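Small disclaimer: the values here were computed from a predicted structure and weren't measured.
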Amino acid sequence: MKILFIASNRLKRVMPPMPLGLASIIATIDESRHEIRVLDLMFSEQPEAELKAVLTDFAPDLIAISVRNIDNQSYLHTEYLLPGIKTLIQHCQDLSDATLVIGGPAFTVSPKAIFAYLKPDFGIAGEAELAFPVLVDRIEGEADCTDLPGLVWQEPDGVKMNPPEFIEDLDSLPIPRRDLFDNQRYAAERSFGNIVIKQGCSFRCLYCDSPHTMGSRWRKKSPEKVVDELEIMQKENGIQMAFFTDAIFNTPLDYAEAVCHAIIDRGVKMGWMTTIHPAHVSREFAELMRDAGCVGLSLASDSCSEKMLKNLRKDITKEDLLSASELLEEMDINYILSFLIGGPGEDRETVDETIDFVSQRSPLLADFCVGIRIMPHTALFDIAVEEGVVAPDDPLMEPKFYVSSLIEDWIVDHLKAACVGHENWSVSHEV
């Protein structure tokens, strides 16, 4: 079977992310049985022309499209991206008789609603590395596939969906096929090559759907497998800097320590960044990360107001942030602070508390993002429904944002004024 994989994301924002999930799925395909082709639209100057060319030249039997983003997550300048994906799918259906399958993180947000809107032949919600190669075999053999985990399909009486299954043994997955993508172009525009070292999230942040989409238990690659992948990234893909994309690197702490020790023991000389929990940063651990190649960190803060940290259910105190930032500054380790401004209860006092805190610290970057994207299956969704911001049956396929009514009339001008004189401060997604 001839399979065309399309990475549909063209949203660059600050740093264009390489489609690592799609690269991981491609790695599961047996190329002794199937011929594959990849079309990455990230840097395409004429996406429709390139799509037409590959459909004509390659004539695929199956087209798999990864949908990474529903929107750009910007309250100030919202871009709704699914209409563009719908146009892409329509072009595929007009120019090819291939079976069309969609998946990806955006599709997993609200699979049935997005499937009904995009109208592919099949969708796979959640982690597709195990289900997709089986789906390929079933389609090739014209066999029933409606028992596959995460499958979404159309029946006469409506869209159907099987519950997704989480992959427990991440070590069983092959190394993602980064070689099929333009690593040098991504490196030039991003500086980092992304790597997943664990899945899931055990935290309960008010706005985050990761515990629902990825599970609330940590599922981890072995430290040895992580280092194997880093070596391949460096030696075979030419990637010299890595970004560990898991939600929080230093939880569980013993696993993070084991990964650092494995990097050191293998002698891998590669810089990396990640996101850490401010409450679990000792001097010993910071030194270990630095010895293992860490060149910078993002502190998972969202606010520096004690009230808002509680309201956002961050499991962090202001004292945690102070201790972590002081330690990192003392050790000359660069760190970034990113804030979500406008959650429930946000007011002038809490905003100014965050601004005052940052003004006394020395982060490499401080980014203020106004408005919080409301996601299904989150506590923020429940609050938004209670306050009449969204309807109870809204699948949130189209972007909706929560902004405290106590700040929405003045917050943008206030933050812009606060950024004056701080070249490394910014209001995210300014118009």
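- Side-chain atoms of Phe5 and Ile65, non-hydrogen and from C-beta on, never get closer than 4.5 Å to each other.
- Salt bridge annotation for Arg219-Glu168: absent, with no cationic side-chain nitrogen under 4.0 angstrom from a carboxylate oxygen.
- Of the possible donor and acceptor atoms, one in the side chain of Asn72 sits under 3.5 Å from a partner among the backbone N and O of Glu79.
- Taking all atoms of both residues into account, the shortest heavy-atom contact from Leu288 to His261 is CD1-CE1, 3.7 Å.
- A donor-acceptor contact shorter than 3.5 Å is absent between the side chain of Arg68 and the backbone of Pro17.
- Ion pairing of Lys220 with Asp246 is absent here, as no side-chain N (NZ or NE/NH1/NH2) approaches a carboxylate O to less than 4.0 Å.
- Remark: the backbone N or O of Ser222 is paired with a side-chain donor or acceptor of Asp171 at under 3.5 angstrom.
- Side chains of Asn194 and Phe244 form no contact here, defined as non-hydrogen atoms less than 4.5 Å apart.
- In this structure, Tyr186 has its ring center under 6.0 Å from that of Phe43.
- Centroid-to-centroid, the aromatic rings of His277 and Phe249 stay 6.0 Å apart or farther.
- Heavy-atom minimum distance, Gly343 versus Ile372: CA-CD1, 3.8 Å.
- Of the possible donor and acceptor atoms, none in the side chain of Ser24 sits under 3.5 Å from a partner among the backbone N and O of Leu20.
- Counting only distance, with no hydrogens or angles, the side chain of Asn424 and the backbone of Pro363 share a donor-acceptor pair below 3.5 Å.
- Put simply, the side chain of Val390 reaches to within 4.5 Å of the side chain of Ile374, judged on heavy atoms.
- Both tests do not hold together for Lys198 against Tyr255: distance to the six-membered ring centre under 6.0 Å, angle to the ring axis within 45°.
- Taking the side chain as every heavy atom from C-beta outward, Leu309 and Lys314 approach each other to under 4.5 Å.
- Atom CZ of Arg217 and atom CD of Gln199 lie 12.0 Å apart (nearest 0.5 Å).
- A donor-acceptor pair under 3.5 Å is absent between the side-chain atoms of Lys400 and the main chain of Ala384, judged by distance alone.
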Worked verdict on Trp153 versus Thr146 for side-chain hydrogen bond (donor to acceptor under 3.5 Å, both in side chains):
CA-CA 8 Å; Trp153 74 101; Thr146 56; 5.4 Å; no

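- Nearest heavy atoms, Glu129 versus Gly21: OE2-O, 4.5 Å.
- Looking only at atom types and distance, the side chain of Asp179 has no donor-acceptor partner in the side chain of Asn237 under 3.5 Å away.
- For the pair Pro111/Phe107, a side-chain contact is recorded, criterion being any heavy-atom separation below 4.5 Å from C-beta on.
- A distance of 10.0 Å separates CD1 in Ile85 from CD1 in Ile114, rounded to the nearest 0.5 Å.
- Counting only heavy atoms from C-beta outward, the side chains of Ile89 and Lys119 never approach each other to under 4.5 Å.
- What you find for Ile276 and Met289 is that their closest heavy atoms are CG2-SD, 4.3 Å.
- Counting heavy atoms of neighbouring residues, nucleotides and ligands inside a 6.0 Å radius, atom CG of Asp97 does not exceed 12 of them.
- In terms of modelled atom types and a separation under 3.5 Å, the side chain of Asn162 and the main chain of Leu148 share a donor-acceptor contact.
- For the atom pair CG of Leu365 and CG of Leu337, the computed distance is 9.5 Å after rounding to the nearest 0.5 Å.
- Here Leu51 contributes atom CG and Leu41 contributes atom CG; the two are 7.0 Å apart, rounded to the nearest 0.5 Å.
- The minimum heavy-atom distance linking Ala286 with Val281 is given by the pair CB-CG1, 4.5 Å.
- Counting heavy atoms from C-beta on, the side chains of Ile3 and Asp61 never come closer than 4.5 Å.
- Judged purely by atom type and a 3.5 angstrom limit, Arg177 has no side-chain atom pairing as donor or acceptor with the backbone of Ala27.
- Of the N and O atoms on the side chains of Asp121 and Thr99, not one donor lies less than 3.5 Å from an acceptor on the other residue.
- Atom-to-atom distance recorded for Arg138:CZ and Asp147:CG is 4.5 Å, nearest 0.5 angstrom.
- With hydrogens and angles ignored, the 3.5 Å screen pairs a side-chain donor or acceptor of Ser303 with a backbone N or O of Ser305.
- Of all heavy-atom pairs spanning Pro60 and Ala98, the tightest one is O-CB, 3.3 Å.
- A salt bridge links Glu229 with Lys221: at least one charged nitrogen is closer than 4.0 Å to a carboxylate oxygen.
- At least one side-chain heavy atom of Phe181 sits under 4.5 Å from a side-chain heavy atom of Pro19.
- A donor-acceptor pair is defined here as one N or O able to donate and one able to accept, closer than 3.5 Å; such a pair exists between the side chain of Ser8 and the backbone of Ser66.
- How far CG of Leu297 is from OH of Tyr335: 11.0 Å, rounded to the nearest 0.5 Å.
- Between Phe243 and Trp272, a ring centre-to-centre spacing not shorter than 6.0 Å is recorded.
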